[in-house]
There are 2 protein chains.
Amino acid sequence: MVTAATTRVPQEERSRAMRARLLEATVELLVERGFAGTSTTLVSERAGVSRGAQLHHFPTKNDLVVAAVEHLTAVRGAELEAAAAALPSGGGTRAVLTLLGDHFTSPVFTAALELWVAARTDPALMEAVAPLEQKVGREVHRLTVELLGADESVPGVRELVQATLDLVRGLGLANTITDDRRRRERILDRWAQVIDLTLDAAPGPLSDPTDARATPATPATSRETTR
Amino acid sequence: MVTAATTRVPQEERSRAMRARLLEATVELLVERGFAGTSTTLVSERAGVSRGAQLHHFPTKNDLVVAAVEHLTAVRGAELEAAAAALPSGGGTRAVLTLLGDHFTSPVFTAALELWVAARTDPALMEAVAPLEQKVGREVHRLTVELLGADESVPGVRELVQATLDLVRGLGLANTITDDRRRRERILDRWAQVIDLTLDAAPGPLSDPTDARATPATPATSRETTR
DNA sequence: TAACAAACAGTCAACCCTGTCTTTTTCTTG
DNA sequence: CAAGAAAAAGACAGGGTTGACTGTTTGTTA
């Protein structure tokens, strides 16, 4: 917008930092206290921001939370990309599963979980969460396919990848109640075997050529139920 | 204990019914409004019970919720057993997955989800939820093994069953945000194939679970692929 | 530098929720 | 039938949360 002066944005700078602190604090509190326990008062205290300033940036709690959701999706995406980049290329199925398993048991997942559950009974929140969740979902899917080197034009492969993601989501959920890493590891060990076995051993079982959905992209969920 | 009179427990009867209504209302509200939205006031209104009576039966909100958790686990168990009983014996892998998929997308699952998530940041609630959840978990596992006719003494089979349950849990979670039945069905179709393929085609390594995929695997086609 | 707008600070009222307390009803029992 | 206990009813206080509101500082612009 406005740009072109000597002393560049000293205030806008502070504002930005304030916003960031507020969003960070929100996410932290989501993890520590859950959605219901994340009061705006707590957030402002945690962020070291006055209540007035908070209300200036985010007039309503919904505004704050929605912004936090956006912030969180960005963080999630970045984390995943980073982890993927750090992965030895072609490092094997198990390594990919480790990556996914770690992501879905990380604090950001926990925070996201709180938002999902809250959104279920909060239309305004759902409106913000749903599309962003789809976006992350697509991204994770794409990344997984890429890392696994899977060929989705082969019937059944796409579903296998989706199943993998739903599996780690389930593991992530279970993890919030009882943190049993060993169990998780064993399951992922086994699952890696199954994937490897299935991916190159049994591409298309049982004549089911009804439609080979080799569609390049139409992943995850489609919210708009045509009606 | 006390038994042997003419007028059989008329009041105790009413009390019992009241308790039941309160618990039912609680579960309903968990589904409709989420945990945070389930205030004791709402519950008493919904149940048609005066606030005083409610407080008489459940002095604290925690008492109410804990009782609701117990109630819910009982309901879950019963529902599962009933569904299993209604299942054509030896009805095939896919039918079992349908059963599981249905359970993990039902209202009782939704209610349980609310409790899990709330319990994560509420020690008192966690204390009640954790053991009961384990119980249900074990029960579902046992049931699944039984219905699938799986032999858990074979290495890898147990993990596959666990993976199946975590998968449906993940699908259930996804379902609360976006209800996409078709997607679910396709994934479960595929999963059934994988299970069948894996269970009798690749029992696992002889003597070493860490290295399973080297096994030649006898092409036993004994398993019924119903359809 | 003066005037104006945006950012920031902090108080306050309205609201809801929980759990205590007192009162009334209903059942049981001697 | 009377007395006492359990159950049910409803008012109320205390605590916490949200967002509106007023005042203050900081930055921009003429």
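So that the names make sense, note that chain A is the first sequence line, chain B the second, and so on, each numbered from 1.
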**Report entry** Interatomic distance where CE belongs to B:M18 and P belongs to C:dC27 [whole Å]
**Finding:** 12 Å

Report task. May I ask you to say whether B:R186 pairs ionically with B:D189, meaning some side-chain N is under 4.0 Å from a carboxylate O? Result -> no

Query raised in the report: Is there a donor-acceptor pair under 3.5 Å between the side chain of B:Q54 and the backbone N or O of B:V43?
Result: no

Report task. Kindly point out which of D:dT18, C:dG19, C:dC17 is positioned nearest to the side chain of B:T41? Result -> C:dC17

Query raised in the report: Between D:dT18 atom P and A:L64 atom CG, what is the distance in whole Å?
Result: 10 Å

Query raised in the report: So which nucleotide from D:dA9, D:dG10, C:dT11 ends up closest to the side chain of A:R51?
Result: C:dT11

Report summary line: In whole angstroms, the gap separating P of C:dC17 from CZ of B:F35 amounts to 13 Å

Query raised in the report: If you look at every strand shown and take non-hydrogen atoms under 4.0 Å, does B:S39 touch a base, only sugar-phosphate, or nothing?
Result: sugar-phosphate

Query - Salt bridge present between B:R182 and A:E159 (N-O < 4.0 angstrom) - result: no

Query - Length of the CG-P vector between B:N62 and C:dC17, whole Å - result: 17 Å

Query raised in the report: Rounded to the nearest Å, what distance is computed from the CD atom of residue A:Q54 to the C1' atom of nucleotide D:dT18?
Result: 10 Å

Query raised in the report: Is the shortest side-chain N/O distance from A:S50 to OP1 or OP2 of C:dC8 below 4.0 Å?
Result: no

Query raised in the report: Expressed in angstrom and rounded to an integer, what is the separation of B:L22 atom CG from D:dA7 atom P?
Result: 14 Å

**Report entry** A:W116 ring center near A:F109 ring center (under 6.0 Å)
**Finding:** yes

Query raised in the report: Can you tell me if the side-chain N/O atoms of A:T40 get under 4.0 Å from OP1 or OP2 in D:dT17?
Result: no

Report summary line: When rounded to whole Å, the CZ to C1' distance for the pair B:R21 and D:dA8 reads 12 Å

Query raised in the report: Hey, are B:T164 and B:W191 close enough side-chain-wise for a donor-acceptor pair under 3.5 Å?
Result: yes

Requested in this report: Figure out the NE2/P separation between A:H57 and D:dG19, and round it to whole Å.
Outcome: 17 Å

Query - Closest listed nucleotide, where the reference is the side chain of B:K61 and the choices are C:dT18, C:dC8, D:dA8 - result: C:dT18

Query raised in the report: Which nucleotide, C:dG10, C:dT20, D:dA8, lies nearest any side-chain atom of B:L55?
Result: C:dT20

